[in-house]
Amino acid sequence: MNERRLAKKRLLVFLALTFALTFLYEFLIVIPIGNDPEAAQLGIATALVSLAMLIPALCSLLTRLITNEGFKNLWIKPNFKGRVRYYLIAFFGPSLLILLGAAAYYLVFPARFDINMGYLVETYASLGVELGAGQLPALLVSQLAVGIFLGPVANIVFTLGEELGWRGYMAPKLLEGGLKVLPSLLIGNIIWGLWHAPLIWGLGHNYGQGYPGYPWAGIAMMCLMCLATGTIFTWLSFKTRSCLPAALGHSAFNGMAAIGTLFAADAAAVDPFVGPVPTGILGCSALIVTAVVLALRLHRDEKRGELIYSPPAKPEQDEKSNPAPPPAALANPAGFTRDSFEKAGGEL
């Protein structure tokens, strides 16, 4: 079996396992429990949804085992040397893009912006907590600090569960199967978006329920958001040959996703299909623009043969490929014998 066919086979096995296990788990366990008001109040459904994020990693490992691929190239080595800038981009970039998307939303809908954080005050009041005007600046600073600096690591175990599968396995396999980078980004990230479909249908994940076009409009918007964020995460992975910066960026994205709602005037000012959250078209606008730029750069890198970073060879590997001359040759570079040395007037 040639390499392309083998890569396609492994990719199909991975996708079949991932979708089958995820859909069974979510339809049989997560959705029934998530629709129980008591379980939802206790946060059980949220915990169960988080566990689903580990399934792609599990299935990538199962695929390697089933297809005898082995565990050599897991795309999990950090490859920090000369690549630290990509980790910094993963750490801070999503927060910046989410804030820019929220700003775009409020520029288009200025009446929905409230410097006094009406929606936040309303939310706390519904929980029996009254917020005074003097408390709002400190609350804003603390929310931003937590989102920007703790967000990238707070959820990283679970986002690594996704990224080890999607960016660490599916993305390279799409290329190995013969696709060019642009169609691989389109197909791979739409697959990632469709993977969320049961939660969007059964729990109203990100978009709620009962809206016009439910649940297909929510699934389509999820695919668009995944296409934008997934392109950015793929670029981070390809430039480091590691899924770790993608996991970092994914965790940062999740940690900051709701930050734009802090300045919403009220609940009606938050539209998951529009903004200020990044599930909406305006909330996601900065992510979309960035994804287009990075996709074009990946296309350019592919033409140059520089699509995926290759770590430098280790010194010991270089020594093996270029072995040192034997000691005798070093000690006697001119090739003198004892007789020729004595004839030349030398002594031993």
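Atoms considered below: every heavy atom in the structure, side chains included; atoms not considered: hydrogens, waters and symmetry mates. In this chain, residues are counted from 1 in sequence order.
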Legend entry - Lys239/Asp301 ion pair, N-O < 4.0 Å: yes

Evaluate the ring planes of [X] and [Y], with Trp represented by its six-membered ring, and classify them as parallel (under 30°), tilted (30 to 60°) or perpendicular (over 60°).
| X | Y | value |
| --- | --- | --- |
| Phe91 | Phe149 | tilted |
| Phe19 | Phe23 | tilted |
| Trp195 | Trp166 | perpendicular |
| Phe233 | His250 | parallel |

Inset, instruction - Could you list who else is in Tyr119's hydrophobic cluster, with ILVMFWY side chains joined at under 4.5 Å, directly or through other members? - result: Val270

Inset, instruction - Not counting sequence neighbours, list each pair that qualifies as a ring-ring contact (aromatic ring centres under 6.0 Å, His included) and has a residue in residues 30-70. - result: none

Legend entry - Distance-only side-chain donor-acceptor flag, Glu69 / Tyr169, under 3.5 Å: yes

Inset, instruction - Using distance alone, with no hydrogens and no angle criterion, decide if Trp201 and Gln209 have a side-chain donor and acceptor under 3.5 Å apart. - result: no

Legend entry - Residues Ile191, Leu15; criterion side-chain contact (heavy atoms from CB on, under 4.5 Å); working and verdict: CA-CA 9 Å; Ile191 288 172; Leu15 291 175; 3.8 Å; yes

Legend entry - Cation-pi geometry met for Arg167 and Trp192 (6.0 Å, 45°): yes

Legend entry - cation_pi(Arg83, Tyr86) dist<6.0 Å, angle<=45: no

Inset, instruction - Kindly indicate whether the side chain of Leu244, heavy atoms from C-beta on, has any atom under 4.5 Å from the side chain of Trp75. - result: no

Legend entry - With sequence neighbours excluded, residues passing salt bridge (charged side-chain N to carboxylate O under 4.0 Å, His left out) with Glu302: none

